[in-house]
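To start, the structure under review is shown below, and the notes come after it.
Note that these values count all heavy atoms, side chains included, but never hydrogens, waters or copies made by symmetry. Order of listing sets the numbers, starting from 1, for every ligand and every atom in it.
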Amino acid sequence: MCGIVGYIGHREAYPIIVKGLQRLEYRGYDSAGVAIFDGEKINLAKTKGKVEDLKKKAESTISLKGNLGIGHTRWATHGVPNDINSHPHYSNSGDLVIIHNGIIENYESVKKELTKRGYTFESDTDTEVLINLIEEVQKTEGVKLGQAVQIALNEVVGAYAIAVFDKKKPDEIVVAKLGSPLAIGVGDNEFFIASDASPFIEFTNNAVYLEDEEMAIIRLGKEIKLRKIKNDAVAYPNILELKMNLEEIEKGGYDHFMLKEIYEQPRAILDTYRGRLRASQGLIKMAGIDQNLEKFMNANRIIIVACGTSWHAGLVAEYIFEDLARIPVEVEYASEFRYRNPVITDKDILIAISQSGETADTLAAIKLAKEKGAFVFGVCNVVGSSIARETDAGAYTHAGPEIGVASTKAFTTQITVLTLLALKLAKEKGVFSESRFHEFLTELETIPAKVEKVLESNALIEIIADVYKDSTNCLYLGRGYNFPVALEGALKLKEISYIHAEGYPAAEMKHGPIALIDDQMPVFVIATKKGHYEKVVSNIQEIKSRKGKIIAIVTEGDTQVTELADHVVEVPETLESLSPLLNTIPLQLLSYHIAVMRGCNVDQPRNLAKSVTVE
Ligand code: AGP
């Protein structure tokens, strides 16, 4: 998830672009760049770091004059954050320049073909491959930029919002969209291009939002020419009058980044599948595993280290790896592991999970394991982060930047990556038959839509939150795969509403915590159909008989628990091992609404930091 900005008109483009990039920094902030056409040549400056660093570099190295320009603030997916991999990217001739937000999945095969035709590549990015493909089409087909972009886009697979211009035709910018957002600000003989309206809302509130598979040729003094990428059908720009203020736009119209990130989970899971999950071909492709399969196949055990929410994702992974891939797993708090003088051998695999990739305890645990000869695999959300660089191999979650301190979409995408990993190993180890493997891959593909369905219960969840917002203590119960989800639900409530909450394996209640139950104690219970349903029902009856209040997450159409519980939230049915991806969502929303109703600072809760870089 990057931020893109473009301008063509009568004003100086540079100040508009740089200010716009600063407004889009919540979308990605590991590198930035700008390209301005000064009437003769394209002046480009780009750098690792924040937009502030770009300003310093651009204002001291290039001419900033010009009424045509594009800019980009990056959230790396392909190629670590550095000067070379940051955008914009030139074509080999230097005539074309591009910015891109998204992922081109088949860039490696396109790169191979272009290399055969003599193209060279400076960066590791998919984007530089795309701009050279556009140039190749322009040359070989002898077509204009707009057509070349269209033909090239029909040869690639993936997600994109792009803006491209050709210095030979400086009165025109070509943009296109599939999966990533793109808005065009329509001014008086000037046009603004951006990932959302925040870069141009102070100049115009007339905007055209491109739909998926649409492209636009934006020419000064002319109408916007809108086309369908697939079949060149003409589309008519629907100019909307925006009524949102800046803060609202940055949060995408949500009141808080946390709520926005909860609602981004269907897309985040889809993006984490992108280029990896091919259910129709019965395939899971993950470079980090494919290149190290032998190590995983011959490993004695997997040790998972992490902190906080990432540790809860590790606990879910323990159930997945042991149940599906039959590999023994131990899950460790990184802060304890690093000082426990643990027994580790070169036959062990260590998986380190971290959203930020900067958590000090997890980094130290990695270093310790490497010293003792273990192979270390990282699951991170930040490309090029310390943990990503320290590990021997890894897989990125593609959740995009997570701004809210309380982790939400990182948790579900971590579970997604670990599930793909375990399924891949289960297949390779022959634990899974073809048909069972296919059943899992097909069900995985339904998860984003099922998460959408769960999000439709938001209004009901808000009503339930209102009932329990003044609680002083809460308990969360789950069994099997959903025990870690109970822990995660309790952590979310603790960290943003400051209500004391504990998660427990439901059967553990009888060994102590049941003493806490009275009519003042809300008990959130994950009671979905698959797994240990009947046992959870009897745990609920134990609590009911002590007047505890039951708020249950149940499978659509449930009757038994629904009769027992004070409140229920229904979720679609899925496989038990995939149920944490759905059951977590209502608990995220519950804690969010309770925290808002208690007037807490949801995105920046007291005493907490998004990344704990000290021990
Ligand atoms: C979770 O909501 C918290 N922000 C915190 O527990 C977090 O999960 C923990 O600090 C680990 O962070 P990491 O995933 O970036 O390593």
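In terms of polar-atom proximity, Thr362 is not counted as a contact of ligand 1, lacking any N or O under 3.5 Å from an N or O of the ligand. Considering both main-chain and side-chain atoms, Leu491 never comes within under 3.5 Å of ligand 1 through any nitrogen or oxygen pair. Any N or O atom pair closer than 3.5 Å counts here, and Gln414 shares no such pair with ligand 1. When only interatomic distances are considered, the shortest N/O to N/O separation between Lys610 and ligand 1 does not fall below 3.5 Å.
Judged by the shortest distance from any of its heavy atoms, Cys307 lies inside the 4.0 Å radius around the atoms of ligand 1.
A side-chain donor-acceptor contact under 3.5 Å links Glu358 and Ser386. Side-chain atoms of Gln355 and Gln414 form no donor-acceptor pair, as typed in the model, at a separation below 3.5 Å. Checking Arg479 against Asn539 by side-chain atom types alone, a donor-acceptor pair falls below 3.5 Å.
Ring centroids of Phe377 and Phe296 are separated by less than 6.0 Å, placing the two rings close together.
In this structure, the side chain of Lys46 engages the main chain of Ser86 through a donor-acceptor pair within 3.5 Å. Not a single donor-acceptor pair under 3.5 Å links the side chain of Lys450 to the backbone N or O of Thr574.
In this structure, atom 15 (O) of ligand 1 lies nearest to the protein heavy atom Ser356 OG, 2.6 Å. Nearest protein neighbour of atom 10 (O) of ligand 1, counting heavy atoms only, is Val612 CG2, 3.9 Å. Protein heavy atom closest to atom 6 (O) of ligand 1, with residue, atom name and distance, is Gly308 CA, 3.3 Å. Closest protein heavy atom to atom 12 (O) of ligand 1: Thr359 OG1, 3.5 Å.
With salt bridges taken as basic N to acidic carboxylate O contacts below 4.0 Å, none links Glu371 and Lys367.
Contacts of Glu358 with ligand 1, taken as heavy-atom pairs under 4.0 Å, are absent altogether.
Listed by number with element, the atoms of ligand 1 under 4.0 Å from a non-hydrogen atom of Thr309 are 1 (C), 2 (O), 6 (O), 8 (O).
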